[in-house]
*Asks:* 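Please read through the structure below; I'll follow up with questions.
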Amino acid sequence: MYRAQRRLIAALHLWWRRLSLAGRFGFAGAVVLIAGMLIIGVWVAREIERGVTRNTAATTALYIGSVVAPLLQELAERDTISAETEDKLDRLIHGTELNRRIISFKVWKQGGRVIYATRKSIVGRTFPETPNLRRAWSGEVTAEFDSLGDEEDRLERNTGLPLLEIYSPVHETRT
């Protein structure tokens with residue numbers, strides 16, 4: 001293997017030496033151009049992803065604040081939601097166009113306890129607090145394409161899809 005590498009290096013060196021100055025300049029320019037295109041392409045793709053994530057999170061937060069938050073006002077005084085509120089949330093998520101767009105929906109209480117979820121088996125359970133949950137509880141909307149490695153994400157992980165996980169705080173209307 002070592003001999004083959006030395007032969008390749010020697011052949012490349014000979015090829016480079018045979019190139020004219022214009023050929024060397026053209027080759028070096030092509031390398032710089034390709035490297036620049038790759039770097040800019042990666043940067044642009046990352047910025048597009050950030051923009052889409054930010055805009056989707058903002059739109060979701062607006063929806064949550066205007067449609068879901070009024071249903072959850074009882075959580076300001078209670079640790080659970082009523083059966084009537086749970087039924088309204090179920091109809092809101094399953095009985096509308098949201099059903100095709102939302103894989104999973106959870107309402108968390110501080111401390112990591114799930115108050116409502118589309119997957120009923122996790123309601124009432126307490127999970128470790130994630131940084132995104134803590135940021136939402138402090139009033140910040142967060143969103144990320146999640147690897148779904150958290151304990152409560154088992155169902156979502158089974159979809160095999162990259163999912164955008166959005167955390168939107170819900171505030172008491174009188175505060």
Side-chain angles (χ1 to χ4, degrees), residues 35 37-175:
M37 286 173 34
L38 287 173
I39 290 168
I40 290 171
V42 167
W43 177 76
V44 167
R46 191 172 294 136
E47 288 302 307
I48 289 170
E49 181 179 315
R50 283 183 187 151
V52 167
T53 301
R54 209 174 22 251
N55 290 341
T56 304
T59 303
T60 302
L62 182 61
Y63 180 80
I64 295 295
S66 61
V67 177
V68 176
L71 297 176
L72 298 174
Q73 291 305 300
E74 64 192 85
L75 288 176
E77 293 151 6
R78 299 176 49 188
D79 285 337
T80 60
I81 57 174
S82 65
E84 179 184 340
T85 299
E86 183 176 349
D87 187 48
K88 286 178 183 177
L89 286 170
D90 285 341
R91 281 192 313 242
L92 179 69
I93 293 168
H94 298 299
T96 63
E97 189 67 23
L98 288 177
N99 194 32
R100 289 198 286 157
R101 295 189 170 264
I102 295 178
I103 302 295
S104 177
F105 184 84
K106 300 170 191 149
V107 176
W108 299 81
K109 193 84 168 167
Q110 281 189 315
R113 192 159 147 260
V114 177
I115 303 301
Y116 171 84
T118 50
R119 183 169 45 125
K120 302 301 180 194
S121 63
I122 66 170
V123 173
R125 291 183 54 195
T126 301
F127 295 96
E129 294 178 18
T130 64
N132 282 335
L133 271 173
R134 283 192 290 275
R135 286 168 56 194
W137 289 325
S138 70
E140 187 179 341
V141 176
T142 63
E144 68 178 354
F145 280 97
D146 197 6
S147 60
L148 303 172
D150 299 328
E151 185 183 342
E152 78 278 357
D153 293 333
R154 188 173 36 108
L155 176 71
E156 295 86 352
R157 196 171 30 249
N158 290 340
T159 66
L161 299 170
L163 298 177
L164 181 61
E165 194 169 62
I166 300 170
Y167 293 84
S168 178
V170 173
H171 303 280
E172 185 180 0
T173 55
R174 293 174 271 144
T175 64

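The structure displayed is predicted, hence computed values, not measured ones.
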*Asks:* Between K106 and E165, does any NZ, NE, NH1 or NH2 come within less than 4.0 Å of an OD or OE carboxylate oxygen?
*Replies:*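 Looking at K106 together with E165, the answer is no, because their closest N to O distance does not fall below 4.0 Å.
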*Asks:* What is the minimum heavy-atom distance between T80 and R113, and which atoms define it?
*Replies:*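 So the minimum-distance heavy-atom pair works out to CG2-NH2, 3.5 Å.
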*Asks:* Restricting to non-hydrogen atoms, name the atom on P70 and the atom on G65 that form the minimum distance, rounded to 0.1 Å.
*Replies:*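 Taking P70 first and G65 second, the nearest heavy atoms are CD-O, 3.8 Å.
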*Asks:* Filter on salt bridge (charged side-chain N to carboxylate O under 4.0 Å, His left out), then keep only pairs touching residues 48-63, sequence neighbours left out; what's left?
*Replies:*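 Every salt bridge (charged side-chain N to carboxylate O under 4.0 Å, His left out) pair that includes a residue of residues 48-63, provided the two are not neighbours, is E47-R50.
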*Asks:* Which one of N132, T60, I102 satisfies the side-chain contact (heavy atoms from CB on, under 4.5 Å) criterion with I166?
*Replies:*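 In the set N132, T60, I102, the residue that makes a side-chain contact (heavy atoms from CB on, under 4.5 Å) with I166 is T60.
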*Asks:* Any idea which heavy atoms bring A69 and V170 closest together, and the distance?
*Replies:*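 Where A69 meets V170 most closely, the heavy atoms are CB-CG1, 3.6 Å.
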*Asks:* Test side-chain contact (heavy atoms from CB on, under 4.5 Å) on I115 and L72; report intermediate values, then the result.
*Replies:* CA-CA 10 Å; I115 303 301; L72 298 174; over 6 Å; no
*Asks:* How about I64 and V141: do any of their side-chain heavy atoms sit closer than 4.5 Å?
*Replies:*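 Heavy-atom side-chain distance check fails, nothing below 4.5 Å.
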*Asks:* Is there a side-chain contact between E144 and T53 in this structure, where contact means two heavy atoms from C-beta onward sitting under 4.5 Å apart?
*Replies:*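 They are not in contact (no side-chain heavy atoms under 4.5 Å apart), so the answer is no.
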*Asks:* Tell me the closest heavy-atom pair linking R78 and K109, and the distance in Å.
*Replies:*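 The answer is O-NZ, 3.3 Å.
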*Asks:* Closest heavy-atom contact between T118 and S104?
*Replies:*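 The answer is OG1-CA, 3.5 Å.
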*Asks:* How far does CZ of F105 sit from CG of D90, to the nearest 0.5 angstrom?
*Replies:*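 The distance works out to 10.5 Å.
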*Asks:* Side chains of V114 and W108: closer than 4.5 Å at any heavy-atom pair?
*Replies:*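 Yes; the side chains approach each other to less than 4.5 Å.
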*Asks:* Between Y116 and I93, is the side-chain contact (heavy atoms from CB on, under 4.5 Å) condition met? List the steps.
*Replies:* CA-CA 12 Å; Y116 171 84; I93 293 168; 4.0 Å; yes
*Asks:* Are side-chain heavy atoms of L133 and F127 found at a separation under 4.5 Å?
*Replies:*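 Sidechains of F127 and L133: no contact.
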*Asks:* To the nearest 0.5 Å, how far apart are CD in E77 and CD in E172?
*Replies:*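 Separation between the atoms: 6.5 Å.
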*Asks:* For a quick test of reading the model, state the closest non-hydrogen atom pair linking L71 to T85 and the distance between them.
*Replies:*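 Nearest pair, atom of L71 first, then T85: O-CG2, 3.1 Å.
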